Amino acid sequence: MDHNDDDIPQLSSHTLAALQEFYLEQQEREGMKTSQGFNQYSIGSIEEDWQLSQFWYSDETASCLAKEAVLAAGKGGRIACVSAPSVYQKLKEQDGEDFSVYILEYDRRFSVYGEEFIFYDYNHPLDLPENLLPHSFDIVIADPPYLSEECLQKTAETIKYLTKGKILLCTGAVMEEQAAKHLGVKMCKFIPKHSRNLANEFRCYVNYASGLD
């Protein structure tokens, strides 16, 4: 049977250009990985997986949040990053600083970070290792993967279990009321940015006097 070319779906020039740009970026990142001096903790060393609702922070935002976490945790402080790998990576770049940090993440690719990686599924908020003691972190930074009250509520259970008191939450502006309800946090002036623009307005929330205002 003959097929008419009109039956074959055609991509628009705009879509083609966007695809080419994406593949070029991917090639450049792969090239960076194989080049000398590649840092496994740099943002982007593990690719975003949009199916897991992953959107990495910009380098500037990750640096700002990491700096805030270190100040809030204090000397010798313990920091937990819940579904916030960009901040974890930026904290690990600060080698020699006096703090410890763990990453709680659903994506098992982050297991490359060894004992500091803890598998985490927000659907089972308290299904955590026995050695992760309650109220053992000076600050918890969390970025729930979905903008839903159910996701926030369950992640909040984890946060309240882990933290000694201080909470730094990153989520959509539309979640302001729910964030206050479940975690007692207030919106900061600082506006976090992502390496790729998101459709939803994103904000930071804290329950202590922070440097983000």
Side-chain angles (χ1 to χ4, degrees), residues 46 48-49 51-57 61-62 65-66 68-74 77-92 99-188 192 194 198 200 202-208 210 212:
I46 294 176
E48 295 171 333
D49 185 339
Q51 290 181 319
L52 294 178
S53 190
Q54 290 177 343
F55 302 94
W56 301 160
Y57 298 131
T61 289
L65 295 177
E68 173 60 33
V70 172
L71 287 172
R78 283 167 54 85
I79 303 168
C81 296
V82 178
S83 306
S86 303
V87 181
Y88 169 82
Q89 289 169 326
K90 189 56 68 175
L91 284 164
K92 292 300 291 183
F99 63 84
S100 59
V101 57
Y102 286 81
I103 174 173
L104 285 78
E105 175 60 55
Y106 182 79
D107 188 345
R108 292 189 186 274
R109 290 180 299 167
F110 289 97
S111 64
V112 296
Y113 297 138
E115 293 181 358
E116 291 177 351
F117 167 80
I118 295 159
F119 175 75
Y120 173 69
D121 182 348
Y122 80 85
N123 290 299
H124 307 282
L126 299 180
D127 187 5
L128 301 168
E130 289 182 3
N131 63 340
L132 219 59
L133 300 175
H135 314 304
S136 57
F137 288 91
D138 295 283
I139 183 168
V140 176
I141 304 168
D143 185 342
Y146 302 105
L147 296 181
S148 71
E149 183 163 12
E150 181 210 17
C151 181
L152 177 61
Q153 184 175 1
K154 289 179 176 178
T155 304
E157 287 185 53
T158 309
I159 295 169
K160 288 186 282 190
Y161 174 85
L162 294 173
T163 188
K164 292 179 181 178
K166 292 179 181 177
I167 297 167
L168 200 174
L169 175 72
C170 297
T171 190
V174 296
M175 303 300 291
E176 182 177 11
E177 187 177 327
Q178 290 92 332
K181 172 184 171 184
H182 294 292
L183 287 168
V185 291
K186 293 183 179 179
M187 187 182 286
C188 306
H194 292 78
L198 299 186
N200 298 299
F202 224 70
R203 298 304 293 263
C204 287
Y205 303 83
V206 294
N207 66 343
Y208 63 96
S210 76
L212 299 175

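When reading the values below, keep in mind they use all heavy atoms of this one structure, side chains included, and skip hydrogens, waters and symmetry mates. Residue numbers count from 1 along this sequence. Predicted model only: the values in this text are computed from it and were never measured.
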*Does the Asn207 side chain pair with the main chain of Gly184, one donor and one acceptor, at a distance under 3.5 Å?*
no
Any side-chain heavy-atom pair of [X] and [Y] under 4.5 Å:
X	Y	value
Val101	Tyr113	no
Ser86	Asp143	no
Leu183	Tyr205	no
Tyr106	Ser83	no
Leu168	Tyr208	yes
Pro145	Tyr122	yes
Ile79	Val87	no
Leu128	Leu162	yes

*asked:* Quick one about Thr158 and Tyr120 (side-chain donor to acceptor, distance below 3.5 Å, no hydrogens or angles considered), yes or no?
replied: yes
_Cationic N near anionic O, under 4.0 Å, Lys164 to Asp138_ = yes
Approximate separation, where rounding is to 0.5 Å, of [X] [atom1] and [Y] [atom2]:
X	Y	atom1	atom2	value
Leu152	Glu157	CG	CD	11.0 Å
Leu126	His124	CG	NE2	11.5 Å
Asn123	Thr155	CG	OG1	9.0 Å
Ile167	Ser210	CD1	OG	13.0 Å
Ile139	Glu68	CD1	CD	6.0 Å
Ile103	Lys92	CD1	NZ	11.0 Å

*May I ask you to check whether Phe110 and Tyr88 place their ring centers less than 6.0 Å from one another?*
no
Would you name the heavy atoms of [X] and [Y] that are closest together and state the gap between them?
X	Y	answer
Arg203	Pro192	CA-CD, 3.7 Å
Lys90	Ala66	CG-CB, 3.8 Å
Leu65	Tyr57	CD1-CE1, 3.9 Å
Cys81	Leu91	SG-CD1, 4.0 Å
Pro85	Glu105	CD-OE1, 3.6 Å
Lys160	His182	NZ-O, 3.3 Å

*Check Val82, Thr163, Ile159, Leu132 against Phe137 for a side-chain contact (heavy atoms from CB on, under 4.5 Å) and give me the one that passes.*
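Exactly one candidate clears the test, Leu132.
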*With under 30° as parallel and over 60° as perpendicular, where do the rings of His194 and Phe202 fit, or are they tilted in between?*
perpendicular
*Begin with the C-alpha distance, continue with both residues' side-chain angles, and end with the deciding distance and a verdict on side-chain contact (heavy atoms from CB on, under 4.5 Å) for Met175 and Leu147.*
CA-CA 7 Å; Met175 303 300 291; Leu147 296 181; 3.9 Å; yes
